[in-house]
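Only heavy atoms go into these numbers, but all of them, side chains included; no hydrogens, no water, no symmetry mates. Counting from 1, the numbers follow the sequence of the chain as shown.
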Amino acid sequence: MHVSIATSAGRAGQPNEDFFGAVPGAAVLLDGAGIPGAESICSHGVAWYTHRLGGALLGRLSRTDGRDLAAILAPAIGEIAADHRGTCDITNPSSPQATVLMVRAHQDRLDYLLLADSFLVLDQASDGPQVITDEREVTTRRICSAPLNGLSRGTPEYDRIRDSCAEALRARRNQPCGYWIAKDDPHAAYEAVTGSRPLHELDGVALLSNGASRIVSPYGLTDWPGVLQLLATNGPADVVRRVRQAEASTGPNAPVPDDATVAHCTHLPRTEVDELS
């Protein structure tokens, strides 16, 4: 499997809270989340969490034993939770957490798992791209933010309602009828979006963190077939570059840059039967 990657921190001088890593036949992308200034909750920080969890996942994926991806993720979440349970308030809603995207070629199939809002693009050999994401966080965020509709930003009323909306969103994290994310509860792994595709149906796959997926929405710089074309001709760095250009605008409604990571996996491993068919 050939892997090319580009990643960029959203803020200069701040750690990149995304994580990407690969082992033969498998890849992992994490997009870290947490509340800035929450050092009193967790002294380690979001980047520490994503790097530790990502490393734990790669170690398990390297065993190539074909275990269910959720069964790989669950103990990894538990392991990292145990690493800082004694020093940090890991049950606090603002403690470090991360989206998870895993892909693995095993035998003649590509298995995938998504937890929260990263994006997997399957480059189908005989059709257009299939885009897979876990929409529950976006849907929950939209529901919880509805009271802000029609309010003017920067007003005391807007700030008050925004705080209550944020509290409502946190209350639905890792809860039924809410959304799921890697944090301190291993059970979240079994709520992930999972699937499998025959390898011979795919020319490759792309993994994008939420910050990189902005090239399609909300910026509308291209569509998903266009993303695959950019990756094929210019590589992941061009996707990130275009996102950063869109974020360079100024003004009261200028977008806040986010960490952005793109990985493009091609030459997916095939069995001899696949190669001869």
- Task: Of all the heavy-atom pairs spanning Thr222 and Gly226, show the shortest one and how long it is.
- Result: OG1-CA, 3.2 Å
- pair Asp83-Trp48: side-chain heavy atoms closer than 4.5 Å: yes
- Message: Please check this pair: side chain of Asn149 against backbone of Ala146, looking for a donor-acceptor N/O pair closer than 3.5 Å.
- Response: yes
- Where the side chain of Asp259 meets the backbone of Gly10, is there a donor-acceptor pair that is under 3.5 Å apart? yes
- Message: If I compare all heavy atoms of Gly211 with all of Ala260, which pair ends up nearest, and what's the gap?
- Response: C-CB, 3.9 Å
- Message: For a quick check under 3.5 Å, do Thr7 and Asn16 share a side-chain donor-acceptor pair by atom type?
- Response: yes
- Query: Heavy-atom distance under 4.5 Å between the side chains of Arg244 and Arg241, does that happen here?
  - Reply: no
- Query: Quick one: does Leu148's side chain get under 4.5 Å of Arg162's, heavy atoms only?
  - Reply: yes
- Query: Could you go step by step and tell me if Val138 and Thr133 meet the side chain to side chain contact (heavy atoms under 4.5 Å, CB included) rule?
  - Reply: CA-CA 10 Å; Val138 173; Thr133 188; over 6 Å; no
- Query: Can you say whether the rings of His84 and Tyr49 are parallel (under 30°), tilted (30 to 60°) or perpendicular (over 60°)?
  - Reply: tilted
- Specify the closest pair of heavy atoms between Pro269 and Met1, including all atoms of both residues, with the distance to one decimal. CD-CB, 4.0 Å
- Message: Tell me every residue that passes side chain to side chain contact (heavy atoms under 4.5 Å, CB included) with Arg67, counting only those two or more places apart in sequence or in another chain.
- Response: Arg60, Arg63, Asp65, Ile72
- Donor-acceptor pair, side chain of Ser118 and main chain of Ser209, under 3.5 angstrom: no
- Query: CZ of Arg85 to OG of Ser95: how many Å apart, nearest 0.5 Å?
  - Reply: 10.5 Å
- Are Trp224 and Val262 connected, step by step, through hydrophobic side chains (Ile, Leu, Val, Met, Phe, Trp, Tyr) whose heavy atoms are closer than 4.5 Å? yes
- Query: Would Phe20 and Val3 satisfy side chain to side chain contact (heavy atoms under 4.5 Å, CB included), going step by step from the backbone distance to the final call?
  - Reply: CA-CA 11 Å; Phe20 178 81; Val3 180; 3.7 Å; yes
- Message: Do Ile77 and Met102 sit in one hydrophobic cluster, given that two such residues count as connected whenever their side-chain heavy atoms are within less than 4.5 Å of each other, even indirectly?
- Response: yes
- Check: Pro236 and Ile5 side chains under 4.5 Å, non-hydrogen atoms: no
- Item | Pairwise side-chain contact, Tyr179 with Arg173, heavy-atom cut-off 4.5 Å (strictly under) | yes
- Evaluation steps, side chain to side chain contact (heavy atoms under 4.5 Å, CB included), between Leu110 and Glu201: CA-CA 10 Å; Leu110 180 88; Glu201 296 180 358; over 6 Å; no
- Message: Please give the remaining members of the hydrophobic cluster of Ile90, linking ILVMFWY side chains under 4.5 Å, ordered by chain and number.
- Response: none
- Note on the structure: When every non-hydrogen atom of Pro186 is compared with those of Asp184, the smallest separation belongs to CD-O, 3.4 Å
- Heavy-atom check, side chain of Val121 versus side chain of Val227, under 4.5 Å: no
- Message: To the closest 0.5 Å, what do you measure between CG (Asn92) and CZ (Arg170)?
- Response: 8.5 Å
- Message: Do Val28 and Tyr112 land in one hydrophobic cluster if side-chain heavy atoms of ILVMFWY residues count as linked below 4.5 Å?
- Response: no
- Candidate list Gln245, Arg242, Arg214, test side chain to side chain donor-acceptor pair (under 3.5 Å), partner Tyr219, passing option: Arg214
- Message: Leu69 vs Thr194, test: side chain to side chain contact (heavy atoms under 4.5 Å, CB included). Steps then yes/no.
- Response: CA-CA 8 Å; Leu69 293 180; Thr194 59; 5.6 Å; no
- Spacing of Arg141 atom CZ and Leu169 atom CG [to the nearest 0.5 Å]: 5.0 Å
- Less than 4.5 Å apart, any side-chain heavy atom of Asn210 and any of Thr99? no
- Message: Treating Ser213 as the side-chain partner and Leu208 as the backbone partner, does any N or O pair qualify as donor plus acceptor under 3.5 Å?
- Response: no
- Message: Within the 4.5 Å heavy-atom criterion, are Leu231 and Val239 side-chain neighbours or not?
- Response: yes
- Item | Minimum-distance pair of heavy atoms, taken over all atoms of Ser196 and Asp111 | OG-OD1, 2.9 Å
- Message: Give me each pair satisfying salt bridge (charged side-chain N to carboxylate O under 4.0 Å, His left out) with a member in residues 2-30, each pair once, sequence neighbours excluded.
- Response: none
- Task: Report whether Val103 and Ile132 are members of the same hydrophobic cluster (ILVMFWY, side-chain heavy atoms less than 4.5 Å apart, transitive linking).
- Result: yes
- Task: Verify whether one side chain among Thr140 and Arg172 offers a donor that lies under 3.5 Å from an acceptor in the other.
- Result: no
- When you measure from the side chain of Arg104 to the backbone N and O of Leu61, does any donor-acceptor pair fall under 3.5 Å? no
- Item | Cluster link Val100 to Phe19, ILVMFWY, side chain under 4.5 Å | yes
- Mind listing the closest non-hydrogen atom pair of Cys144 and Cys165 along with its distance? O-SG, 3.0 Å
